[in-house]
Amino acid sequence: MTMLTEQSPAPEPPSPRRRPLDALRSRITGQEFVLFGVIALLWTTLGLATDTFIDTGTLSNLAYVVAPIALIGIGMTVVIVGGGIDVSVGSAVTVVTVILAKLVRDQGVSFPVAILVAVGVGGLLGLMNGLLISFGRVHAIIITFGTLNVFRFIALRIFDSEQVAGVPDTLGFLGGGQAGETWHIPHAFLLMLVLAAATWWYMRNTAGGRHFYAMGGDRTAARLAGVKVRRREVLAYVLTGVLVGLAAAVIIGSGGLIGQNVGVGLELQVIAAVVIGGTSIMGGRGTVLGTVLGALLVGTVASGVTILHWPSQLTSLFVGVFILIAVGTDVLRERSRRRA
Amino acid sequence: MSAMPAAPGRTGGDEGSRKESLPARALRALVTQRLVLLVTLLVGLLVVMKLLENGGYLVAPYSSDYLAASLIDAVALGMLALAELVVIVSGRGGIDLSVGSMVSLSGMVFGFAIGEWGWPLLPAVLFAVLAGGALGAINGFFVSALGFPPLITTLATYYAYSSIALVINSSSPISTPAIQELTWLTQTVELPLFGQYVPDFPMGLFLFAIPIVVLLWLNVTRGTFGRQLYAIGTNDTAARYAGVPVGSVRFRAYLTSGLICGLVAVVTVSQFASARPDAGTTGNGMALPAITIAVLGGVAITGGVGRVIGVVVATVLVVWLNAGILLSFEGSEGSQYQLLALGGVLIFAAILNGFATRRYGGTS
């Protein structure tokens with residue numbers, strides 16, 4: 001937490017000769033190195049063990065599946081770093097998805113309008129969470145447990161007791177089909193990468209970004225130091241809501257059938273990705289890059305289990321084990337840091 | 001006359017803060033005492049539903065028979081909410097997201113024991129409870145011995161247990177005749193002696209819910225474990241200096257949660273007449289409603305605060321509210337409004353709680 005101000009002139013490192021790796025090392029945490037290694041290991045193993053994993057079809061599908069989880073994970077990282085949590089994202093995705101699906105099918109709205117609506121509705125749901133949490137002064141997990149139910153109610157009312165069938169491919173540009181990729185890279189994945197990079201830079205290098213870390217570390221101290229805690233908090237939930245909107249657009253993608261259970265349980269997958277990425281659930285520590293890698297790891301495991309023809313339910317078991325390992329290393333690091 | 005300085009105990013202006021009028025005291029009790037609020041809401045609910053019934057707005061009468069029969073939903077829900085109470089009270093971010101998957105997995109174990117291996121009922125129940133206890137012990141080990149954050153630990157075990165529950169029997173339920181015969185455990189029965197004067201209550205209430213409520217209440221309010229539990233939940237460090245075995249007490253909190261889940265598994269298996277591998281994890285799962293009811297019942301998410309009786313009343317409130325909502329709508333709309341009611345009541349209670357804490361300083 002050394003970079004609390006935006007323009008602090010960084011003192012030159014004492015070593016006169018900077019090796020190229022040092023620049024990288026200062027920007028990337030231990031957890032991210034480990035995740036890189038684990039993902040590389042898994043890819044190599046899967047590539048050697050099967051002849052269908054290292055394949056443009058498999059990999060681009062993997063990238064498409066990971067995109068919505070990582071997109072929401074970006075916002076969730078900011079929320080958790082700031083000392084909060086949002087368990088309502090799954091239901092929020094359901095709300096935005098059904099609204100979008102009905103708009104696209106029944107009103108025939110165009111792609112830009114659909115994206116605007118998605119971002120707007122998602123942001124509104126996030127704003128609701130943020131205002132309730134920061135002005136109701138209630139623990140985030142309780143409010144979002146409440147809004148989880150309320151959002152699901154809203155979504156089911158809009159569904160009106162049936163699925164939305166025959167959704168056209170208006171949002172195909174972000175979808176998983178042919179229209180949604182360039183050189184076999186899904187646009188949704190690229191969008192996620194760009195937003196993740198922007199947020200990563202914002203969280204690292206701007207005063208506003210550092211304020212989230214300060215808040216998550218010690219809320220009272222941050223407030224006394226002049227951080228507008230409530231405004232930051234609301235901002236984090238609105239950001240998450242906006243990303244939920246984009247994720248919903250990705251999930252609809254090339255259209256087809258939208259079932260009522262879309263988004264159910266997504267919040268746990270997102271939180272799993274964030275935690276595997278090295279973000280501390282207590283707040284104050286974590287990076288967006290880690291979250292993206294965490295989501296990629298979870299996606300790789302799911303894809304690997306499918307390709308190896310193992311029962312797909314085993315994926316959850318591996319996700320659980322990975323969470324425990326990630327938290328274990330985090331707890332160990334924290335202990336050694338405190339001892340040092 | 002203000003010639004004399006106000007004599008103490010007479011007509012001083014700040015006298016009101018010490019001796020409140022009756023309405024002010026009632027308001028204070030309503031917002032600071034969770035139990036008073038819940039009972040008021042419960043009475044209000046019954047009155048409103050009776051009015052709706054007399055006005056002919058309900059699809060079926062909101063009768064005492066109906067209310068008694070609907071209590072079967074309170075058995076599993078209430079027991080899990082009590083499990084959450086113990087875990088959340090233990091503090092340091094205590095929470096158990098894995099209750100649903102513990103129910104699924106110990107339900108499968110129970111299903112195997114009684115349905116496939118042909119065990120008698122009692123050993124099978126004991127086996128299921130032990131299985132739940134083992135799963136809870138794993139949670140407790142990570143949280144208390146290794147110092148993992150509970151939210152994440154139980155999220156991980158939620159995934160792991162639900163996966164094992166599905167894989168263990170290739171995602172198919174166990175529903176042999178031996179299991180189908182178990183429905184008597186949860187069906188409604190006429191009480192002996194005065195049974196003709198009161199409605200028929202579900203058997204599960206007497207076999208499972210009430211014994212657990214009494215046992216837990218005794219344990220939490222009258223036993224050493226309870227005092228130590230509230231101590232570590234209020235202040236971990238202070239409790240340690242006071243000689244409380246913090247790790248062991250916290251471990252036992254998660255163990256208790258697992259044991260209760262094992263018993264709930266027996267209830268759900270007999271209720272569905274089948275051991276379903278996803279019994280506790282379909283939809284939003286069982287953990288979310290259980291946590292919601294615990295918080296509604298006055299359990300502070302920060303630990304150290306929460307009463308068994310509050311959770312029991314909250315369970316009854318939510319179950320009868322749901323039962324009333326089901327009668328108010330035709331078709332599946334009712335189950336949707338149940339979600340709105342649950343979320344709305346939770347947020348309302350939580351914000352009221354925060355308001356009361358700031359206005360009156362402290363809540364019970």
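A, B, ... follow the sequence lines: proteins, then strands. Residue 1 opens every chain.
- The residue among B/Ile152, B/Leu166, B/Val295, B/Ile291 with the most heavy atom pairs within less than 4.5 Å of chain A is B/Ile152.
- No donor-acceptor distance shorter than 3.5 angstrom exists from the side chain of A/Glu233 to the backbone of A/Gly130, with no hydrogens or angles considered.
- Considering only heavy-atom pairs separated by less than 4.5 Å from chain B, the leading option among A/Gly146, A/Gly90, A/Ser316 is A/Ser316.
- Side-chain atoms of B/Thr315 and B/Met79, non-hydrogen and from C-beta on, never get closer than 4.5 Å to each other.
- Using a 4.5 Å cut-off between heavy atoms, B/Leu146 contacts chain A through its backbone alone, with no side-chain atom that close.
- Looking at A/Leu156, the atoms closer than 4.5 Å to chain B (heavy atoms on both sides) sit in the backbone and in the side chain alike.
- Heavy atoms of A/Ile154 lying under 4.5 Å from chain B are absent altogether.
- A/Leu46 is listed as a side-chain neighbour of A/Leu308, based on a closest heavy-atom distance under 4.5 Å.
- The contact between B/Ile351 and chain A is made by backbone and side chain atoms together, counting heavy-atom distances below 4.5 Å.
- Among A/Leu35, A/Val301, A/Leu317, the one residue that satisfies the side-chain contact (heavy atoms from CB on, under 4.5 Å) test with A/Phe322 is A/Val301.
- Of the atoms belonging to A/Val138, it is side-chain heavy atoms, and not backbone ones, that fall under 4.5 Å from chain B.
- Residue B/Ala165 comes nearest to B/Met108 through the heavy atom pair O-CG, 3.9 Å, listed as atom of the first residue, atom of the second, then distance.
- Considering only heavy-atom pairs separated by less than 4.5 Å from chain A, the leading option among B/Val167, B/Leu155, B/Thr302, B/Leu342 is B/Leu155.
- Side chains of B/Leu135 and B/Cys261 form no contact here, defined as non-hydrogen atoms less than 4.5 Å apart.
- Of the listed residues (B/Ile347, B/Thr292, B/Ile164), the one with the most heavy-atom contacts under 4.5 Å to chain A is B/Ile347.
- The closest side-chain heavy-atom distance from B/Tyr337 to B/Leu340 is below 4.5 Å.
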